[in-house]
Structures are given as C-alpha cells and as structure tokens.
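For reference, the structure is listed below as structure tokens.
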2 protein chains.
Amino acid sequence: MVTDVLESCRSCVYSSELFEGLSEEELEFLVNYTSYRSFRKGEIVFLQGDEIRYISFLKKGLLKVFKQDHESRGQIISIAKPNDCVGLLSVFSNHQHQYSIAALEDSLIYYIELTAVHHILRKNGNFGIRLLGRISRAADTIINNAFDISRKNIRGRIAFILHEFSEDIYKKDEFDLPVSRKEIGELIGMTTENVIRVFSEFRRDGIIEIKGKTIRILNKSLLQTLEKFG
Amino acid sequence: MVTDVLESCRSCVYSSELFEGLSEEELEFLVNYTSYRSFRKGEIVFLQGDEIRYISFLKKGLLKVFKQDHESRGQIISIAKPNDCVGLLSVFSNHQHQYSIAALEDSLIYYIELTAVHHILRKNGNFGIRLLGRISRAADTIINNAFDISRKNIRGRIAFILHEFSEDIYKKDEFDLPVSRKEIGELIGMTTENVIRVFSEFRRDGIIEIKGKTIRILNKSLLQTLEKFG
DNA sequence: CGCGGCTTTGATGTTCATCAAGTAAAGTGG
DNA sequence: CCACTTTACTTGATGAACATCAAAGCCGCG
C-alpha cells in the first residue's frame, strides 16, 4: 500500500519539470513527505484562511480557485488543471491560504509538506529558480486573463471562456461544462442571467450547440472573432 | 565616483529585507554587478518585449507598470513605490518583459544583473525563499486589487484610488496626483470623462478639494464608506 | 502665437444588472 | 420510489450605470 503511494508519487514527481535536477536523495526525501488524497466533485479542498502546510499538486481532475467575499457573490480566480500547483501563489507570502479551492470534477491531489520543500529549497538553489519560474508563470497567467477579460463585452467574455474550456482544458470541440452558469458568471464577471442569454444567442446564431451541460462548438472562427473584437 | 555608487547601493541593498542573510562576500558580489540610473518624469524605463537582463529596484520616485494593447487604450497594472522590485513577476518566467514601465516622477533605479542574481540563488537557498515571498506578495497584491476594483462602481473606484494615493503612496491628506485623469481611468477601468465627473461630484459634496493636480481629502470617513459600499 | 493634448460639462445611447416569473433538474426524507 | 424542496436554468421587461459623442476652455510647449 505504502509503496503504491510512493511509486505513484514518484512517477508524478519525476514527470514534472519542476523537479528536474533534484538528486536521487532529494527526490527520495520529498517522496517521504508526500501524501495524497482524492476529492469528489464539489468537495472543498481547503478554505481561505486555512493554515498552509503543504504544496499541493493537482494530479487528476479539475479545481476552482475562488474568493468568497462576506455576503457578496463569490469570484472565481482561476481553474486549475492537472499538473498545476494549486495555491502556490500564497505559499511563500502567507501563512494562510488567500483563496479557497473546490473540486469541479473528481480529483486527485498530492501534498508535499512545506517544511520538506523549504528544506530542499535551502539546499538546492536550482530548485528555487524553477519554483520561481512556476510561480511567476501562474501569476502572469492570472493577471493577463483578468485584464484581458475586463476589457471585453459579455459576448467576448463568453467566447473567451468557451475557447479556454475547448482548447486549454478539454482539447475538444465537444465537452461537458464542469461549472454551472452561475459559476461561469463568477469567472468572467457577469450575471448568471446574461451568461444564459449569450449562450442562447450563440445557439440561435449556430455558433454552439447546447444540451444541458454539454457544449459543442460549431463555428470556431466566428467564436474567435467574437473573442477578439468583443 | 565608483565608490559612491557602491556605497549608496550597498546601503540600499542592506536596507532591504530581501538581502538579509546574505554573507559579506555574497553582498560584495552583488554590489559588483549593480548599476543605477535616474529617469525623468515621463521617461520610459523599459518596454513590453524588451529583453530582461536585470532585476530592477525602485530606490526613489514612482513608476507605472502598464500594458499597451495594439491600438486599444492602455491599461495600468500597478504603481510601483520606492523599495519595490519592478518587473519582478516576469523575471523568472520570461525572457522578455511582459509589461512596460514609465516614470511618473523623477526616479532612481538600481539594476542588479540577472546572471549575478542567478549565481547567488544557486548558492544560497534562503535568498530564493525570500525572493519567492517577495514575488508572491507582489502577485497577491495585484490580483487582489484587480478583483476588488472590478466589483466596485465608479465612485467606489475613485474612492479606492484616492485612498491608495493618500494612505499608501504619499501618506498625506494633500498630495499632487502624479497621473493624468486619463491614466486614472486606465488604472481603475473607467473612462476619462467619468473620472472627471466623479472628481467634480466629490468636490461638490465636500469630500475633496481639487486644484488642478493637487488633491486634498476633506472627508476621509465618507470616502471610506464609498470605497467599502461603492 | 497657435497647435495638440488635457480637462471639463452636457446630451445621448448602449450595455448590462436587476427584478419577476416560470420551467426543468436534482437532491431529500418519508 | 414518490412527493417535496431546493437549486439550476431560462426568458422577458425595466431601469440604472456607464460609455460615447460633442463642444468648449485651458495649459504647456515649440
């Protein structure tokens, strides 16, 4: 049983470019401080304010990273894909998580204890450089997305998010939305009603086909135009 | 002359918590790869797309970090204050700057060659950890600001930005705006006209006093209320 | 001195949020 | 498994917030 975890974890660790350049002992060390857990769709992984004790890797599934502001509506910061380090942004600047994480699909997460990561960081500067790259890229992506979206109109935003699901996440023209209409609204800053309205509009215009959560993209080039100029 | 630079730089380097824990030799080494330059108000420090060769510290002055999208209006990502590392977010994830930087006031910037920073990073893991903290905090701030602003109305946004200038940047109730009305619009995502309209409204309501670029805050508590609920 | 950019105000129009109301789907407890 | 409740989805009508357009005064600069 234990060896299963370690072997699985080891292959996971090896597969990430983040850990290239670590010595055999260093990898062994990290593996000893690594655990894992699976989450059902809808489960909370951790909450804003929880103490940070691990670096978490999403191995399988899909997560949403979000902020819940007091009584106001929530906001989704980003969607994490397999091989993403979730919550990485706050790990080195805070003791508590700044965002909450929930599973959008059944997911598997590997945890490496933060103390162990720090230990390696102190010994292996190249690992720090890789981690710096990883964090910078994550931040860049979030910031660019946020600013890109903010200057699009609602049609452009829906086109953007359909593009993201189709090209980045599922890499297919037909896919099941892992989120509700409401969550799409929280992701791109518009109301649920308008998300639905634009979906319907796109359907009427023959741009997409909708069957509940299932979306099929029919006119990709028009969608791209809408994303660009919307 | 050279010693001037080194001494000045050294005091700068020492003063930053980022470099705590570096050995005497390491500091000496970094100082040898450090240079500096002053910029006049309005000057470009570097442009989106320029090769990244330095880590840049703002020692004195004020900078704007912005994106210029083809023909569309520009967007200001953030304003850098003294002791900020500018462009840090892109340093470890890209070879080119992702944003442009311009001086809003006469400014003084210290440059440490990136190769030298990498050299220290490889040798001193604790330095990497500090740098990770720094980058995380910078990203956190930008992301939080962006999301905070996005759910405020125009009055709340102006209240927010006045608060930022008064409390974070100048730490005074009266200050000279270092930016045009247009730039304020680019910073908080609204049109120049509406920036002006809200300014005038705040003036009429006795919340602020305006003399050209000079702003004096008269009713701080009302401004806070507007920021919170706007 | 005149030109271009910045500032200001007003009038107009569009976009989007809100409100309302109804249908469908998905949990929940007996 | 079925009635019941809740949550998600959908459409339409209305209004508020904000962008856009227009016009004029102001300021700095070559």
Side-chain angles (χ1 to χ4, degrees), chain A residues 40-43 64 69 71-76 102 104-105 149-162 176-205 208-215 226 229-230, chain B residues 40-43 64 68-69 71-76 102 104 149-162 176-205 208-215 226 229-230:
Chain A
R40 292 301 206 64
K41 180 187 168 86
E43 263 192 284
K64 71 167 173 178
D69 265 13
E71 20 64 43
S72 156
R73 62 191 168 195
Q75 286 182 304
I76 300 182
L104 292 175
E105 298 176 349
I149 282 177
S150 77
R151 47 174 190 59
K152 287 188 200 305
N153 66 20
I154 51 174
R155 267 160 284 271
R157 292 179 191 195
I158 293 292
F160 174 89
I161 201 70
L162 288 176
D176 280 5
L177 281 176
V179 288
S180 68
R181 314 290 197 250
K182 178 156 163 284
E183 285 171 314
I184 292 178
E186 292 176 359
L187 194 48
I188 58 187
M190 49 192 279
T191 58
T192 313
E193 294 96 318
N194 279 330
V195 172
I196 291 163
R197 253 185 275 274
V198 174
F199 270 24
S200 303
E201 197 182 316
F202 282 7
R203 175 170 41 72
R204 275 196 299 278
D205 294 348
I208 56 174
E209 201 178 281
I210 309 176
K211 282 205 190 94
K213 296 266 187 194
T214 306
I215 303 280
L226 283 167
F229 298 105
Chain B
R40 292 300 206 65
K41 180 187 168 85
E43 263 191 285
K64 70 167 173 178
Q68 33 204 357
D69 264 14
E71 19 65 42
S72 155
R73 62 189 167 195
Q75 286 182 306
I76 300 182
L104 292 175
I149 283 178
S150 77
R151 48 175 189 59
K152 288 189 203 300
N153 65 20
I154 50 173
R155 267 159 282 272
R157 291 180 191 194
I158 293 292
F160 174 89
I161 200 69
L162 287 176
D176 280 6
L177 281 175
V179 288
S180 68
R181 313 291 197 251
K182 178 155 163 286
E183 285 172 313
I184 292 178
E186 290 175 1
L187 193 48
I188 57 185
M190 49 191 280
T191 58
T192 313
E193 294 95 319
N194 278 330
V195 172
I196 291 162
R197 254 184 273 274
V198 175
F199 270 24
S200 303
E201 197 182 315
F202 281 8
R203 176 170 41 70
R204 276 196 298 279
D205 294 348
I208 56 173
E209 201 178 281
I210 308 175
K211 282 206 190 93
K213 296 267 188 194
T214 306
I215 304 279
L226 283 167
F229 299 105

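Sequence lines set the chain letters: A, B, ... in the order given, protein chains first and strands last, and positions in each chain run from 1. Bear in mind that the values here come from a model prediction, so they are computed numbers and not experimental data.
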- Note on the structure: A/Asn153 CG to C/dT14 P, in whole Å, measures 14 Å

- Query: Tell me: CD1 of B/Ile196 to P of C/dG5, nearest whole Å?
  - Reply: 16 Å

- When rounded to whole Å, the CG to P distance for the pair B/Asn194 and C/dT8 reads 13 Å

- Query: To the nearest angstrom, how far is A/Ile149 atom CD1 from C/dC16 atom P?
  - Reply: 14 Å

- Message: Nearest to the A/Lys213 side chain among D/dC9, C/dT18, D/dC18, which nucleotide is it?
- Response: D/dC9

- Message: Under 4.0 Å, heavy atoms only, any strand: does B/Arg157 hit a base, just the sugar-phosphate, or nothing?
- Response: nothing

- Note on the structure: Among C/dT8, D/dT10, C/dA17, the one nearest any side-chain atom of A/Ser200 is D/dT10

- Message: One thing to verify: whether B/Arg197 and B/Glu201 come together as a salt bridge, which I'm taking to mean a side-chain N less than 4.0 angstrom from a carboxylate O.
- Response: no

- How long is the line joining CZ of A/Arg40 and P of C/dG27, in whole Å? 12 Å

- Task: State, to the nearest 10°, the angle formed by the axis through the first five base pairs of the helix from C/dC1-D/dG30 to C/dG30-D/dC1 and the axis through its last five.
- Result: 50°

- Would you kindly give the CG-to-P distance between A/Asp176 and D/dA8, to the nearest whole Å? 18 Å

- Write down the distance between CZ (B/Phe199) and P (C/dT9), rounded to a whole number of angstrom. 12 Å

- Length of the CD1-P vector between A/Ile184 and D/dT10, whole Å: 10 Å

- Message: Main chain of A/Val179, side chain of A/Lys213: is a donor-acceptor contact present, judged purely on distance under 3.5 Å?
- Response: yes

- Here the gap from B/Ile208 atom CD1 to B/Ser200 atom OG, rounded to the nearest 0.5 Å, amounts to 8.5 Å

- Task: Output yes when at least one side-chain N/O atom of A/Arg181 is less than 4.0 Å from OP1 or OP2 of C/dA25, else no.
- Result: no

- Side chain to side chain, A/Leu177 and A/Glu183, heavy atoms closer than 4.5 Å: no

- Item | Atom pair CD (B/Glu186) and CD (B/Gln68), whose distance is rounded to the nearest 0.5 Å | 9.5 Å

- Considering only side-chain heavy atoms of B/Glu193, which listed nucleotide, D/dC9, C/dT7, D/dT20, is closest? D/dT20

- Query: Checking B/Arg157 side chain against B/Ile149 main chain: does a donor-acceptor pair fall under 3.5 Å?
  - Reply: yes

- Query: From the list D/dC9, C/dT9, C/dC6, which nucleotide is the closest neighbour of the side chain of B/Ser180?
  - Reply: C/dC6

- Hey, is the side chain of A/Arg197 pairing donor to acceptor with the base of C/dT15 inside 3.5 Å? no

- Minimal heavy-atom distance between A/Phe199 and A/Ile210, with the atoms involved, is O-CD1, 3.6 Å

